[in-house]
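Below is one structure; the comments refer to it alone.
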Amino acid sequence: MDQEYERRLLRQINHQNLPEGQLAKSGYAACSPVSIKSGDRFIPTRAGSNWSINFHYANENCRSPSQNHRSKDSSADTGKDAVAYAALLRNELLGAGIETVPDPHTDDRRHAVLSQDTHSLFKYTVQSKRVPFDSGNEVSPYSLSPLSNKSHKLLRSPRKPARKISKIPFKVLDAPELQDDFYLNLVDWSAGNLLSVGLGACVYLWSACTSQVTRLCDLSVDGDSVTSVCWNERGSLVAVGTHKGFVQIWDAAASRKLTCLEGHSARVGALAWNGEQLSSGSRDRVILQRDIRTPPSAERRLQGHRQEVCGLKWSPDHQHLASGGNDNKLLVWNSSSLLPVQQYSDHLAAVKAIAWSPHQHGLLASGGGTADRCLRFWNTLTGQALQSTDTGSQVCNLAWSKHANELVSTHGYSQNQILVWKYPSLTQVAKLTGHSYRVLYLAVSPDGEAIVTGAGDETLRFWNVFSKTRCTKESKSVLNLFTRIR
């Protein structure tokens, strides 16, 4: 051993064996970081700890990104049980006083946890006043359970039945000659429960009540083909856009063509009804708005897009029209002006997917093509851009649920999936796969429970994705009567 090091070690041992008075005289106490010996136990100080936050993030921080991703795809039952267990632990350890199990999909759950009163995990003070056993978190002296009253209420609180979305379609129909063209809109579902589908040069009607299929029209006689279909709100008339730029109005019940509207010089890929008015968007970059009760000369020409118009949707209050084009623009028009009142240019690809929220006035959702892949939300009352998310693939269609603040999106390159989103958290509720081509077409059933999707694989698939959360005792959809096709 080094002699110098040995001398320093002996000097330190001698100083520790000296009494406190001699230590003070020698000046050692002034240079020592510890002046008083306090025993061999280490008691950490927790005065500045926020146990509510630490407890909430403990599990999240220790999981890897892949585990977090898998946890988002876990079943609703597991998520509900995990939330209930976490609430029970907060009651017993932190005195949180939670009496009901929060919804695991609720957007404000994390904020609610952070906003709770903070408590120290260990308390060394004795309460001088005895609290009655039936109040707060106190345990009754006659109870055989170690849990507090709040926790008992938490465990007895009614739990909503777990929502399960089937991963397989409950019906599949063949759709030969269903075109694989991003800019067309060939599927629509009427209020009378009739599905209209444009297949090649023909339009077919499929009854969801009887499964009967009828051919409405055949444009091959005129050397034309179907490029878009759209039902009016009452479900009695269907508009058919053609490749030559015509718009035909058909009476579905009588299978009779009422009129044929001209005015476009190229194919009509987008249609939207607003009462008795019909808006049509074309590859000629023009939107024509016409009242079918008036002469064709009384039309409004809306010119704002520089490329093909591929998306049209009227707002639920019938005051604003949203249009999307291949020029990556999303325009909003009112019912009186010939110029767009708002223009959004954040998308990096064609905007075909457009949907107005039926729950929040002025909320508009849009999706971009392959080069963009984003869902974006807009407040059209203020012109403000809201949240957005990258879906990872081409967004082909959007539709809001009629009963809950959710929406469904269909996708193309490269995953060909169907996603159900919860708004405004933008968490994925479900991911459905089955189509082997781009899911270009989407329509919602009149009862708001089911959707139908169409793709270039020439199939129509029916899915139960939405639930009637507002009307749980209503009769089931007639679509549920069909046999599942696996």
Side-chain angles (χ1 to χ4, degrees), residues 179 181 183-188 190-192 194 196-205 215-305 307-314 318 320-326 331 333-338 340 352 354 443:
Q179 298 187 54
D181 194 326
Y183 300 98
L184 307 186
N185 293 274
L186 298 175
V187 177
D188 197 20
S190 75
L194 285 176
S196 61
V197 186
L199 301 177
C202 301
V203 175
Y204 292 91
L205 303 181
R215 188 174 65 181
L216 179 66
C217 64
D218 187 353
L219 306 182
S220 61
V221 179
D222 302 323
D224 210 347
S225 61
V226 180
T227 53
S228 57
V229 294
C230 185
W231 289 95
N232 67 344
E233 295 180 8
R234 292 195 300 269
S236 56
L237 303 178
V238 59
V240 179
T242 73
H243 188 270
K244 291 186 176 180
F246 300 110
V247 178
Q248 300 182 3
I249 310 297
W250 287 77
D251 184 343
S255 297
R256 181 170 59 94
K257 183 171 67 174
L258 302 180
T259 184
C260 181
L261 305 176
E262 302 179 358
H264 289 292
S265 59
R267 69 179 183 186
V268 178
L271 296 168
W273 287 89
N274 185 25
E276 301 299 329
Q277 295 182 345
L278 177 63
S279 301
S280 58
S282 170
R283 182 182 271 181
D284 62 11
R285 303 170 294 177
V286 177
I287 301 173
L288 293 182
Q289 188 171 327
R290 294 169 280 203
D291 194 320
I292 62 174
R293 301 167 298 182
T294 61
S297 58
E299 65 181 18
R300 297 175 64 237
R301 296 178 65 89
L302 307 180
Q303 295 179 310
H305 288 283
Q307 294 189 39
E308 180 174 7
V309 180
C310 50
L312 284 177
K313 285 293 170 58
W314 277 96
H318 307 286
H320 292 89
L321 172 68
S323 64
N326 197 35
L331 306 181
W333 317 74
N334 60 22
S335 56
S336 58
S337 175
L338 297 179
K352 177 192 176 186
I354 302 173

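Worth saying up front: this structure is predicted, and the values here are computed from it rather than measured.
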Quick one: pull up [atom1] in [X] and [atom2] in [Y] and give me the separation to the nearest 0.5 Å.
X: C230; Y: D188; atom1: SG; atom2: CG; result: 5.0 Å
X: S282; Y: L271; atom1: OG; atom2: CG; result: 10.0 Å
X: H318; Y: Q277; atom1: NE2; atom2: CD; result: 11.0 Å
X: E233; Y: N274; atom1: CD; atom2: CG; result: 7.0 Å
X: T242; Y: L261; atom1: OG1; atom2: CG; result: 10.5 Å
X: S279; Y: I287; atom1: OG; atom2: CD1; result: 7.5 Å

Using atom types as modelled, flag every donor-acceptor pair under 3.5 Å from a side chain in residues 247-260 to any protein atom, sequence neighbours excluded.
residue, atom, partner, partner atom, Å
Q248, OE1, W250, NE1, 2.9
D251, OD1, A253, N, 3.1

For the student: nearest non-hydrogen atoms of [X] and [Y], plus distance:
X: W273; Y: W231; answer: CD1-O, 3.1 Å
X: L205; Y: S196; answer: CD2-CB, 3.7 Å
X: Q289; Y: L302; answer: OE1-CD1, 4.1 Å
X: V226; Y: L186; answer: O-CD2, 3.7 Å
X: W314; Y: H320; answer: CE3-O, 3.3 Å
X: K244; Y: G223; answer: CE-O, 3.5 Å

Judged by atom type as modelled, is there a donor-acceptor pair below 3.5 Å linking the side chain of [X] to the main-chain atoms of [Y]?
X: N334; Y: S337; answer: yes
X: D284; Y: S265; answer: yes
X: T227; Y: V268; answer: yes
X: D224; Y: H243; answer: yes

Output all residues satisfying side-chain hydrogen bond (donor to acceptor under 3.5 Å, both in side chains) with S236, sequence neighbours left out; order by chain, then residue number.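 So S236 forms a side-chain hydrogen bond (donor to acceptor under 3.5 Å, both in side chains) with N232.
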Would you please name every residue forming a side-chain hydrogen bond (donor to acceptor under 3.5 Å, both in side chains) with S323, sequence neighbours left out?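 By the side-chain hydrogen bond (donor to acceptor under 3.5 Å, both in side chains) rule, S323 matches H305, W333.
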4.5 Å side-chain heavy-atom contact, I292 and L237: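 Yes, side chains in contact.
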For [X], enumerate each residue passing the salt bridge (charged side-chain N to carboxylate O under 4.0 Å, His left out) test, keeping only those at least two apart in sequence or located in another chain.
X: E276; answer: R234
X: R300; answer: none
X: R285; answer: none

Stepwise side-chain contact (heavy atoms from CB on, under 4.5 Å) test for L312 and L321: CA-CA 7 Å; L312 284 177; L321 172 68; 4.2 Å; yes
Regarding S280 and R290, do their side chains bring together a donor and an acceptor under 3.5 Å, going by distance alone?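 A pair is found: one side chain offers a donor N or O, the other an acceptor, under 3.5 Å apart.
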